[in-house]
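Residue indices begin at 1 and follow the sequence shown. Computed from a predicted structure; not experimentally measured. When a ligand or atom number is given, it counts from 1 through the structure's own listing order.
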Amino acid sequence: MTDTGPTAIKTTVPRRILDVRGLSKHFPVTVGILRREVAKIRAVDDVTFHVHAGETLGLVGESGCGKTTTGRCLLRALDPTAGEIIFDPGDVEPVDVAALKGKALKVLRQDMQMVFQDPFSSLNPRWTLLDLVGEPLVAYGVSRGKALETRVAELLRSVGLRPEYMRRYPHAFSGGERQRIGIARALALNPKLVVADEPVSALDVSVRAQTLNLLADLQEELSLTYIFISHDLSVVQHICDRVVVMYSGRVVEVADTDDLFSAPLHPYTEALLSAVPKPNPDAAKNRIVLKGEIADPANAPSGCAFHPRCTYAKDICRQQAPPLTTMESGREVRCHLAAELTLAGVN
Ligand code: SF4
């Protein structure tokens, strides 16, 4: 018998399709005709997180927390002020999206696409479905003529729309159907990563579940990775594997969805979760109503940006900004008191 040596132990470490390191996007506040800069809006400030290939990562927080600006920087719809966005599609060498220019950036955009929030304003009303869904294919020289029609028909079928509709205009469709058109357009170039910015928040409740199920089916079928931007925690709980919580342009907590919902570590996450609808009517009594507005990113409070709204704040919170810390459990949180607080989840 031949000795084949020790059996190799196989470990499966999920590939990071995206590694975001120290990403910032600052907008200058200017005055006068000389546009003198008097302040900076730190819309995204030193944001670090990663996305595993094949997962759905939720990016959540109130309006103005920086989640949409982060998503737009990832796709270079906005140029970041600082930081790295390492994209590893798996079949070619990883690249820093933040540093790409010109043709290299255009090539990369095939792999990273966006689904927009508003299916009414994101589709050109003068274009037919053939124009809308086929435009990326024409722009990238992938197909034209009969081959283009065949591919558009296939894309429409994949999102549950009939190919015979390809000569119609968007106004002939409902909100849910228009969002399906937007999804078909985003998938035209076979992307690996899709950033979906509040993709169901403009839809009727009755069609939200159908759209979420469609996104889940397409993910499995096409091995897609999603970044799902949302303020609606109940939707995030339904669709996301992991969640990044943002407040005032910064990451305040990162966790697996189940862990985050059952035992949040950051008081802001606890407050967001308290607003998730629950079947028990008594649960409404436990809702945490946050005082005041989200911190102004042009003039953030000293110390922890959340301290003016936090019911647990102590002196240290007003004086020192907490770092994003990895706890023993591997979870990440930005709070001085994370190790001593026991916060309420929803499960
Ligand atoms: Fe609240 Fe202090 Fe934690 Fe900030 S650091 S979230 S103010 S307890």
Between Tyr140 and Lys106 (side chain of the first, backbone of the second, donor and acceptor by atom type, cut-off under 3.5 Å), is there such a pair?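 Checking the backbone N and O of Lys106 against the side chain of Tyr140, a donor-acceptor pair under 3.5 Å is found.
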
Hey, which protein N/O/S atoms does atom 2 (Fe) of ligand 1 have under 2.8 Å?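 Within the sphere that stays under 2.8 Å of atom 2 (Fe) of ligand 1, the protein atoms of type N, O or S are Cys317 SG.
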
At less than 4.0 angstrom from any non-hydrogen atom of His266, what atoms of ligand 1 do you find?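 Listed by number with element, the hits are 6 (S).
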
Quick one: list whatever passes side chain to side chain contact (heavy atoms under 4.5 Å, CB included) with Asp79, sequence neighbours left out.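 Result, side chain to side chain contact (heavy atoms under 4.5 Å, CB included) vs Asp79: Arg76.
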
Cluster overlap Val60 with Leu273, hydrophobic side-chain contacts below 4.5 Å: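 Cluster IDs for Val60 and Leu273 match.
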
Using the salt bridge (charged side-chain N to carboxylate O under 4.0 Å, His left out) rule, pick out the option among Glu253, Glu332, Glu55 that qualifies with Arg242.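 That would be Glu55; it is the only one of Glu253, Glu332, Glu55 passing the salt bridge (charged side-chain N to carboxylate O under 4.0 Å, His left out) with Arg242.
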
Charged N-O contact under 4.0 Å between Arg180 and Glu177: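 Result for this pair is no, no salt bridge flagged.
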
Any Lys/Arg nitrogen of Glu149 or Lys146 sitting under 4.0 Å from an Asp/Glu carboxylate oxygen of the other?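 A salt bridge is present here (some side-chain N lies under 4.0 Å from a carboxylate O).
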
